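Working notes, structure below.
In this text the structure is predicted, and so the values were computed from the model without any measurement.
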Amino acid sequence: MASSKRGRSIAYLQPKLFTVATCSLNQWALDFEGNLRRISQSISQAKARGARYRCGPELEVPGYGCEDHFYEDDTQLHCWQSVRALLDGPLTDDILCDVGMPVMHRNVRYNCRVFLLNRRVVLIRPKLCLCDDGNYREGRWFTEWNEARGVELFALPRMIGAITGQTDVPFGAAALSMADTVIGAETCEELFTPHSPHIGMSLDGVEIIANGSGSHHQLRKLDKRLELLKGATAKGGGLYLYANQRGCDGGRLYYDGCALIVLNGQVLAQGAQFGLSDVEVLTATVDMEAVRSYRAAFIARSKQAARAPCYPRVDARTFAVSSSILSRPEEPRADADAADAATIKRRKLAHCAPFQVPSSAQPARLHLAEEEIALGPASYLWDYLRRSSAGGFFLPLSGGADSSSTAALVGIMCQQVVTAVAAGDEQVLADARRITRQPVDWIPSDAKELCGLILHTSFMGTAQSSSQTRDRAAKLAAQLGAYHAPAVIDPMISGVLAVFRAVTNKEPAFQQHGGSIAEDLALQNIQARSRMVLSYMLAQLLPWVRGRDGFLLVLGSANVDEALRGYMTKYDCSSADINPIGGISKGDLKRFLRYAADKYGYSVLREVVEAPPTAELRPLSGDEVEQTDEEDMGMTYDELGEFGRLRKMERCGPVSMFTQLLGTWGARLAPAEIARKVKHFFSSYGRNRHKLTTLTPAYHAEGYSPDDNRFDLRQFLYPNWERQFGTMDALAEQIEHGDAPCE
């Protein structure tokens, strides 16, 4: 008898797709309510896009930059209050949430990832390798977890247990076994270490690895980050999620976001590196068979995986991260007639989830250095301004490259604000109205109009100022739309000199008028310091002059090379509230000026960049400038940038710098001349290092920044380099005479 296929039920295995989310959040140290709001928004957005796993930045609950506030018990208390708020409601229903915060375990403070799921805490994973170089001091506040301790039990605070019904939770370096995959975590610095945790995890079958990071912007740094993320998954396979903070969280650093999702060495999603939005969520949909197939096809990896030690796992198999491509419709009732069955089937199919497909790979995006300079400091300025309660900025605008760069950055910031408002960013709009003291129906639609409300500039001229710089300052202010109030400060200088004459019965003169070097420097310095005094008075009173309340932040404009050389007056107009270009080299600033002239329409910047840099503190020859910065410094800006890179990034003292430069400069300079230049640099640097103790807080952008506060920790009273210079002279003499140097 022929068998009938009618009514036979055939089960098909549907492919499972994993939708995961990562994010960039603009957190602020100690802003617990604001931080909680942004975390909650990111979770809600992730759920709305179908994600069942969300990763957030490092220490996102309190903000990464709490620093010594991490010592306070209050910080721990407020973090757990935020966790309670996340758990007390449906926010964590059907989504695994990976959040960053400090946790005290057995009287030791750890930097942790806390995993929340369905209103419960499922795992606390402490950081294994802290970052303690450059701008980072994590070892001051936290302790690295010792993996040899395994997985322990952490006693949850009673306020958490009252919500979850739990008394304790696993604590340690472990992965989470879900119903359909295994998820592991590493934190920021661990990705950069030679033996990263993701290596052992991936060999033991962990398929999804997430990294909650607090990584600050530095020019050309994203290249390395991308290289590491792609390399981590290209070699061992896997899905890697990278979350980062974005914005200024209360200090000198700007965290540059750029959340990423990478699969098997290919970028699936990449967020913006710079921007004004507080919350940016990225999602990607992945068929996890792509990971399993990729790994299994790599035979050498399989052999190593078979010998790899087991990575600890915590059971969370009641929850699946994946979902079917299509929701399965219910079968029609057995007793329904054919018409009813067809109707029911159509109705069920109509309510199926939309057809999903895995996310496609995309090329990674990298900015040019000049684009980074335009976008990073401009975003930092907006964050600092809106969080400081100030009503705008004041800038002494000299018409030179440095102050023009700072002014252009404010103009770019205003363009960013107008663009964000046009795109519907309600937070940026509210901040713009509050800062400018405009009515609730005002909408900033013109960047020049906005700049006229925010940026206040003044060309503070003296008898030593040229008409060229005065004109360039006025033209740039007009192109930006800034409120420009030029001033002549000779009466201030004359008043100080009159007091000096009354006290000493002496009158100093410039060197070209017969005075000594000491007199010449004093006359230059009093001009620079007078500008600083007037800057702060104008910053306090210009809002009042314009019929507004509030105050202005004073912007500085000394570049990183001049700070390194000490080519500035202590407490001059480089002394300010913040300095957006203080970590940027002169060479990069020149490239930025050319770029901004074309990209943003500030054409006068081309004139600025072509003019020789000058302080204009000595008398003019007619209306012509005789004083130039490079002549005053005794070195070019290119040479100064090379000295700075070798001193800090290559860790060179005078002797090792000399030997390094023999290789790069030896073809055009004699050893004795190279030695002379190195000695001049270190003599100038050592003599002026004390100035760096009072540097204006500056946007960190360069790896050789001499920022004395946190990045470049060195003495500020130096000896005469006798041993160092003597050794260098001996080497130069031996080389010139063809003698082999002694060991």
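Residue pairs that meet the salt bridge (charged side-chain N to carboxylate O under 4.0 Å, His left out) test with at least one member in residues 228-249, sequence neighbours left out, are R246-E280.
R386 is linked by a salt bridge (charged side-chain N to carboxylate O under 4.0 Å, His left out) to D278, D383, D431, counting only residues two or more places apart in sequence or in another chain. Partners of H105 under the ring-ring contact (aromatic ring centres under 6.0 Å, His included) rule, at least two apart in sequence or in another chain, are F154, F171. Residues satisfying the salt bridge (charged side-chain N to carboxylate O under 4.0 Å, His left out) criterion with R225, sequence neighbours excluded, are D256. Applying the salt bridge (charged side-chain N to carboxylate O under 4.0 Å, His left out) rule to D93 yields the partners R119; only residues at least two apart in sequence or on another chain are considered. Considering only residues two or more places apart in sequence or on other chains, S293 meets the side-chain contact (heavy atoms from CB on, under 4.5 Å) condition with none of them. Legend: residues meeting salt bridge (charged side-chain N to carboxylate O under 4.0 Å, His left out) with D31, ordered by chain and number and at least two apart, are R38. With sequence neighbours left out, Y595 forms a ring-ring contact (aromatic ring centres under 6.0 Å, His included) with no residue at all. Taking A173 as the reference, L128, W145, E147, Y311 meet the side-chain contact (heavy atoms from CB on, under 4.5 Å) condition, with sequence neighbours excluded. The ring-ring contact (aromatic ring centres under 6.0 Å, His included) search around Y699 returns H217, Y380, not counting sequence neighbours. Here P697 pairs with R252 under the side-chain contact (heavy atoms from CB on, under 4.5 Å) rule; sequence neighbours left out.
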Side-chain donor-acceptor distances from residues 39-46 under 3.5 Å, at least two apart:
from : atom 1 : to  : atom 2 : distance (Å)
S40  : OG     : L36 : O      : 2.9
S42  : OG     : I39 : O      : 2.7
S42  : OG     : R54 : NE     : 3.2
S42  : OG     : R54 : NH2    : 2.9
S44  : OG     : S40 : O      : 3.1

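Salt bridge status for E190 with K127: absent, with no side-chain N to carboxylate O gap under 4.0 Å.
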